[in-house]
Amino acid sequence: MALSKKTINWLNEFNISLKGKNVLVTGSNSGVGLKTIETSLYLGAHVIMSCRNYEKALNAKTNLLQDYPDAKIDIMQIDLSDFSSIDEFANNIIDNKIDIDIFVNNAGTFHKRCVTKDGFENVIGTNYFGVYRLSEKIIPYLKTLPHKVYYFNTISVVHKLVKIDYKDFYCNKHYEHFNVYAKSKLCLAKYSYDLAKKLEDTNVCVYMIHPGISVTPLGANAFGSVISKLANALRGVFNSPEKSSLAMVYSLSKDLPAGSIAGPSFLEVWGYPKSGKIRRCVKEGAEELIAFTESELRR
Ligand SMILES: NC(=O)c1ccc[n+]([C@@H]2O[C@H](COP(=O)([O-])OP(=O)(O)OC[C@H]3O[C@@H](n4cnc5c(N)ncnc54)[C@H](OP(=O)(O)O)[C@@H]3O)[C@@H](O)[C@H]2O)c1
């Protein structure tokens with residue numbers, strides 16, 4: 001579980017400390033989120049693992065404590081495919097005045113077709129509507145904190161491959177779950193870029209990060225056991241979840257401007273992170289998307 005020597009050298013080069021900082025990461029029982037937690041612990045942070053499955057989070061916490069016995073690790077439950085769970089999670093933070101310096105929306109799904117508890121297509125419902133609802137609830141609170149808050153949304157390089165068609169937003173005419181996943185991340189990127197601009201004069205600084213391509217349970221859920229076994233065999237070819245998790249630290253240490261995107265340097269899929277290009281498809285059309293989102297969430 002411990003971080004590799006290469007990662008430790010890379011982190012040491014940036015000379016960054018998170019001592020005394022509170023870092024919350026959603027979906028942090030596995031993959032990139034778990035490594036984001038581990039990196040934060042290495043840098044001295046107190047972490048809040050915000051996970052759907054308490055048992056999985058507890059297992060991950062037990063493993064982490066073997067390497068970081070003095071770490072302060074809290075667990076909170078959230079299901080981003082369930083608005084009542086999102087509201088409860090946000091209210092818990094607000095009512096208990098939980099202090100947060102870095103908030104990482106990492107949780108995401110790439111599951112085959114199903115619907116959320118609230119009746120939305122699951123991938124868009126979780127990756128976009130879930131993060132949108134959580135952000136709208138939690139950001140007014142984060143704005144009241146007496147220090148800077150770094151707010152990260154996890155997108156994907158595949159956002160650039162699709163367009164949004166409001167007449168068939170959920171791809172009902174021809175459902176293809178890769179397409180739906182890419183759309184969920186394009187929506188999240190558009191929303192994040194717009195949010196960063198809206199919060200420019202506040203203490204909340206919004207960033208986008210993405211992991212490139214990394215072999216994690218995400219792909220296994222999407223593509224089934226045969227492809228996932230193949231991907232596992234080839235995992236060395238892709239970015240490790242550990243390397244993929246470094247985009248957060250990179251954004252902080254470089255003090256990137258709000259609205260920036262950071263992810264792997266080589267073809268946006270491999271390598272250590274760098275600052276990425278923000279495409280026109282991300283910069284444009286947020287107003288229409290947000291109006292559509294608000295009307296969907298009211299129905
Ligand atoms: N791996 C890649 O190549 C890649 C590429 C681009 C973007 N990403 C993005 O990176 C992020 C992390 O993914 P990963 O690759 O590390 O996959 P992962 O290991 O499967 O992690 C995803 C995490 O999200 C959680 N999650 C899924 N649905 C949830 C829900 N409804 N409520 C709360 N938590 C939920 C999962 O919890 P459970 O364990 O309970 O399912 C898990 O902890 C995701 O946003 C993903 O879209 C990944």
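Counting convention: from 1, in listed order, for ligands and their atoms alike.
Atoms of ligand 1 found under 4.0 Å from any heavy atom of Tyr181 (numbered from 1 in listed order, with element): 6 (C), 7 (C), 8 (N), 9 (C), 46 (C), 47 (O). Residue-ligand proximity, Asp79 to ligand 1, at heavy-atom distances under 4.0 Å covers atoms 30 (C), 31 (N), 32 (N). Heavy-atom contacts of Pro217 reach the following atoms of ligand 1: 19 (O), 20 (O) (cutoff under 4.0 Å). With ligand atoms numbered from 1 in the order given, ligand 1 contributes 3 (O) to contacts under 4.0 Å with heavy atoms of Ile213. Residue contact check: Thr154 has heavy atoms under 4.0 Å from atoms 9 (C), 10 (O), 11 (C), 45 (O) of ligand 1. Taking a cut-off of under 4.0 Å to the non-hydrogen atoms of Gly31, the atoms of ligand 1 that pass are 16 (O), 19 (O). Listed by number with element, the atoms of ligand 1 under 4.0 angstrom from any heavy atom of Ile155 are 7 (C). The distance from ligand 1 to the heavy atoms of Lys56 drops below 4.0 Å at these ligand atoms: 38 (P), 39 (O), 40 (O), 41 (O).
Annotation: cation-pi pair Lys243/Trp10 absent, no NZ/CZ under 6.0 Å from the ring centroid and within 45° of its normal. Annotation: cation-pi geometry not satisfied between Lys185 and Tyr128 (NZ/CZ under 6.0 angstrom from ring centroid, within 45° of ring axis).
Put simply, the side chain of Ile164 reaches to within 4.5 Å of the side chain of Lys190, judged on heavy atoms. Between Leu246 and Thr39 the shortest side-chain heavy-atom distance falls below 4.5 Å. Inter-residue side-chain proximity for Asp101 and Lys148 is flagged as unmet; no heavy-atom pair is nearer than 4.5 Å. The closest side-chain heavy-atom distance from Val23 to Ile37 is not below 4.5 Å.
Ligand 1 lies out of reach of Asp82, whose nearest heavy atom is not under 4.0 Å from it. Assignment of Pro211 to the shell around ligand 1 is supported, since a heavy atom sits closer than 4.0 Å. Look at Lys185 and you'll find a heavy atom under 4.0 Å from some atom of ligand 1. The shortest heavy-atom distance from Gly212 to ligand 1 is under 4.0 Å. Ligand 1 does not have His210 within reach: every non-hydrogen atom of the residue lies 4.0 Å or more from it.
Considering both main-chain and side-chain atoms, Asn53 never comes within under 3.5 Å of ligand 1 through any nitrogen or oxygen pair. Remark: ligand 1 and Val32 share an N or O pair separated by less than 3.5 Å (distance only, no angle test). An N or O contact shorter than 3.5 Å links Thr216 to ligand 1 by distance. Ligand 1 has no nitrogen or oxygen under 3.5 angstrom from a nitrogen or oxygen of Ser156.
By the criterion of a heavy-atom distance under 4.0 Å, neither the backbone nor the side chain of Val158 is placed next to ligand 1. With a heavy-atom cut-off of 4.0 Å, Thr126 touches ligand 1 through its side chain alone. At a heavy-atom cutoff of 4.0 Å, ligand 1 is contacted by both the backbone and the side chain of Asn106. At a 4.0 Å heavy-atom cut-off, ligand 1 touches Leu218 through backbone and side chain alike. Neither the backbone nor the side chain of Phe110 comes within contact range of ligand 1; no heavy atom lies under 4.0 Å.
Taking a cutoff of 4.0 Å between a charged side-chain nitrogen and a carboxylate oxygen, Arg133 and Glu136 do not qualify as a salt bridge. Ionic pairing of Lys35 and Glu38 is present here: one or more N-O contacts between side-chain nitrogen and carboxylate oxygen are shorter than 4.0 angstrom. Between Asp74 and Lys72 there is a salt bridge, with a side-chain nitrogen of the basic residue lying less than 4.0 Å from a carboxylate oxygen of the acidic one.
Checking side-chain atoms of Ser85 against main-chain N and O of Asp79 turns up a donor-acceptor pair under 3.5 Å. In this structure, the side chain of Lys61 engages the main chain of Ile73 through a donor-acceptor pair within 3.5 Å. Remark: the backbone N or O of Val123 is paired with a side-chain donor or acceptor of Glu121 at under 3.5 angstrom.
Side-chain N/O atoms of Ser135 and Tyr151 include a donor and acceptor closer than 3.5 Å.
Of the listed residues (Ala107, Gly108, Gly27), the one carrying the non-hydrogen atom nearest atom 27 (C) of ligand 1 is Gly108. When the heavy-atom distances from atom 21 (O) of ligand 1 to Pro264, Ser30, Ser214 are ranked, the shortest goes to Ser30.
With hydrophobic clusters built from ILVMFWY side chains whose heavy atoms lie under 4.5 angstrom apart, Leu80 does not share a cluster with Val115.
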